[in-house]
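This report concerns only the one structure given below.
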Amino acid sequence: MSWNISRGVLITCLVLFGLLVFVPLTGSKYLIDLSTEIMVYALFALSLNVIIGFSGNVSFGHAAYFAIGGYANAILLTTYGWPLIFAFPAAIILSALAAAFVAYFCTRLTDIYFAMLTLAFSMLVWAIAFKWRSVTGGDDGFVGVTVPSFIDGRVPFFYFTLIIVTASIIILWLICHSAFGQTLIAVRENLTRAGFIGVNTRMMRGIAFVIAGAFAGVAGAIFAMYNRGVYTESAFWAESAQVLIMTLLGGMYSFFGPAIGAATLYILERFANEYTEYWPTVLGLILLVIVLVLPEGLVGLAKRLKERLFLGGGQ
Amino acid sequence: MSVLETRDLTIDFGGFVAINNVEFSLENREKHAIIGPNGAGKTTFFNLITGHLVPTKGSVKFKDDIITGLAPHKIVKRGLARSFQRINIFPKMTVFENIQTSLIARDNKHFNFFSSGSAQNREDTIELLELVGLESEKAEIAGELSYGKQKQLELAIALAENPSVLLLDEPTAGMSPQETKVAIKLVDEITKLRGLTLLFTEHDMSVVFGIADRISVLHHGEIIASGTPENVRSDPEVRRVYLGEADDATT
């Protein structure tokens, strides 16, 4: 079974993985934390792109599944004392089930109606997290998450994140480049015609939504342990908007684009916060640039530059 | 033996009856043309048969089953495929991927999560591209092909589902006379090669009378005549509402 991955992409991934493995050796707490957070958001953004870039729908409520994964993992670990090996998969399954429930309704719709319904469901999740104080801690957040001793510590947790995120990205890559993934692109490209080649387009979009929800759940479950807590903000629409911007910034028509977008936006936010308190303004400007000049994100820009250089060299 | 039959087929778009009590039958292995002036309801009729629209009343029978109200993808799986009057392809995919994906869907491999998409059906894809004469364009982005080539791709996508009955909605619309000739020859050959039953709409009367075994005339959502080309050509009602000028122009 031959998988088609360009050599450049493969080498970049391997080099990046190699560099990440050595990050803890620098001994920089800042760098280790930053890398852990970026990995989580990269996975979160890549999961959203299964809906956006591959199935062709926009979700304004993807934070819901990140939050469900986070809360479920935190509550099962802490309140119920489950071992990680059960709590973590259970959290992912719960995220996937929630996504399946929402997908059942959303996939009846397309375009803006689809997007608004995902937003509505995510606000419902947010409201539950906010109001169900006895279980979720309400607006104080769910704090003091029990983290298993083998990953309790900056460096072991970094490696735990690296392994889970890498495995998740490999699985996502395989799915997105499988027969399913290719058909999903056809669904994105032309919903009507995809139906007329014998594809149940609603089912395809639904499954894409569930896969996206499950991997957002993985990211959320890791993040809950990393922060030793989960807060209602993680389900809020602003969180959904942020991951959407990451995806668009990186480029939705490329598999790895959203991960690049996540890293870029995360680092920009760090820097911006050091110099200004107007991060939302900066974010607004970034969004403006994406919409006006970078419709295919940073990856699209890189492609254009490469083409120009290539053509320039040939002349 | 009829493979496709409509009974009392009607669709009412909020007071405008686009298709009115149509009784139609398509015989196995015939080449049947539907003609009629613009707005007669030809495309709507196709949309009703293929599940794109649900009729207000009446039924569609395909082979031995009633298929009224089934989703398009279920109807396709029974062996009834169609092409569209306006180009309806997967524009950002390559020509090769357009066909490959259609074949993945034909073989029900689209829920296959862990086998490489690009490794599927490579030989069948090339075979089909050769059949419609697109093998040299296989690496091109479908949306960037010339109009005529996109029409050929449109046909190839429909053929990829391996249908027993093929519905072509204006297969030569927008083509130059030269392109029309090539396209019609291709359709004719493939129909013979695969033993297909063909139902098509067409505005070019020379094409219609050149290849159709039977012709039905649709006017204001009703079939006003149906029969062999000779019968239809001499039908006074048909001559009055539609054929008169067109016939003079093409013969």
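Throughout, protein chains are lettered first and strands after them, A, B, ... in sequence-line order, and every chain is numbered starting at 1. Both backbone and side-chain heavy atoms feed into the values below; hydrogens, waters and symmetry mates do not.
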Task: Most contacts with chain B, counted as non-hydrogen pairs under 4.5 angstrom, among A:T201, A:N200, A:I171 - done: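 Between A:T201, A:N200, A:I171, the count favours A:N200.
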TODO: Heavy atoms only, distances under 4.5 angstrom: which of A:I185, A:L174, A:I207, A:V199 has the most pairs with chain B? Name it, please.
DONE: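 Ranked by contacts with chain B, first place is A:V199.
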Closest non-hydrogen atom pair between [X] and [Y], with its separation:
{"X": "A:N190", "Y": "B:I89", "answer": "ND2-O, 2.8 Å"}
{"X": "B:K92", "Y": "A:E189", "answer": "N-OE1, 2.5 Å"}
{"X": "A:A179", "Y": "B:K109", "answer": "CB-O, 3.3 Å"}

- [ ] Check step by step if side chain to side chain contact (heavy atoms under 4.5 Å, CB included) holds for A:W3 and B:S116.
- [x] CA-CA 5 Å; A:W3 294 89; B:S116 166; 3.6 Å; yes
Between [options], which shows the greatest number of heavy-atom pairs under 4.5 Å with chain A?
{"options": "B:I104, B:N108, B:L103, B:I75", "value": "B:I104"}
{"options": "B:T101, B:L80, B:N98", "value": "B:T101"}
{"options": "B:R106, B:M93, B:K74", "value": "B:M93"}

- [ ] Heavy-atom distances under 4.5 Å only: say whether B:K77 touches chain A with side chain, backbone, both or neither.
- [x]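 Side chain of B:K77 only, per the 4.5 Å heavy-atom cut-off to chain A.
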Task: Nearest-0.5 Å distance that lies between atom CE in A:M204 and atom CZ in B:F111 - done: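 Nearest 0.5 Å value for the CE-CZ distance: 6.0 Å.
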For [X], does the [atom1] atom sit with more than 12 other heavy atoms under 6.0 Å from it, leaving out its own atoms?
{"X": "A:R202", "atom1": "CZ", "value": "yes"}
{"X": "B:Y147", "atom1": "OH", "value": "yes"}
{"X": "A:I85", "atom1": "CD1", "value": "no"}
{"X": "A:M203", "atom1": "CE", "value": "no"}

Task: Side-chain heavy-atom pair B:I157, A:F196 within 4.5 angstrom cut-off - done: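 B:I157 vs A:F196: side chains apart.
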TODO: State, yes or no, whether a side-chain contact exists between B:F90 and A:I197 at a heavy-atom distance under 4.5 Å.
DONE: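 A side-chain contact exists here, since the closest heavy-atom pair is under 4.5 Å.
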Task: Qualifying residues under side chain to side chain contact (heavy atoms under 4.5 Å, CB included), relative to A:E296, sequence neighbours excluded - done: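 Only A:Y253 meet the side chain to side chain contact (heavy atoms under 4.5 Å, CB included) criterion with A:E296.
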- [ ] Without swapping roles, check the side chain of A:S178 against the backbone of B:F113 for a donor-acceptor pair under 3.5 Å.
- [x]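 Side chain of A:S178 to backbone of B:F113: a pair is present.
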Open item on the list: Treating A:R193 as the side-chain partner and B:F84 as the backbone partner, does any N or O pair qualify as donor plus acceptor under 3.5 Å?
Closed with: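 Judged by distance alone, no pair lies under 3.5 Å.
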Using residues 47-54 of chain B as the side-chain source, report each donor-acceptor pair under 3.5 Å to any protein atom, sequence neighbours left out, with the distance given to one decimal.
residue, atom, partner, partner atom, Å
B:N47, OD1, B:R82, NH1, 2.6
B:N47, OD1, B:R82, NH2, 3.4
B:T50, OG1, B:F46, O, 2.8
B:T50, OG1, B:R82, NH1, 3.2

Open item on the list: Just by distance, no angles: are the side chains of B:E97 and A:Q182 close enough, under 3.5 Å, to form a donor-acceptor pair?
Closed with: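 Absent: no donor and acceptor within the cut-off.
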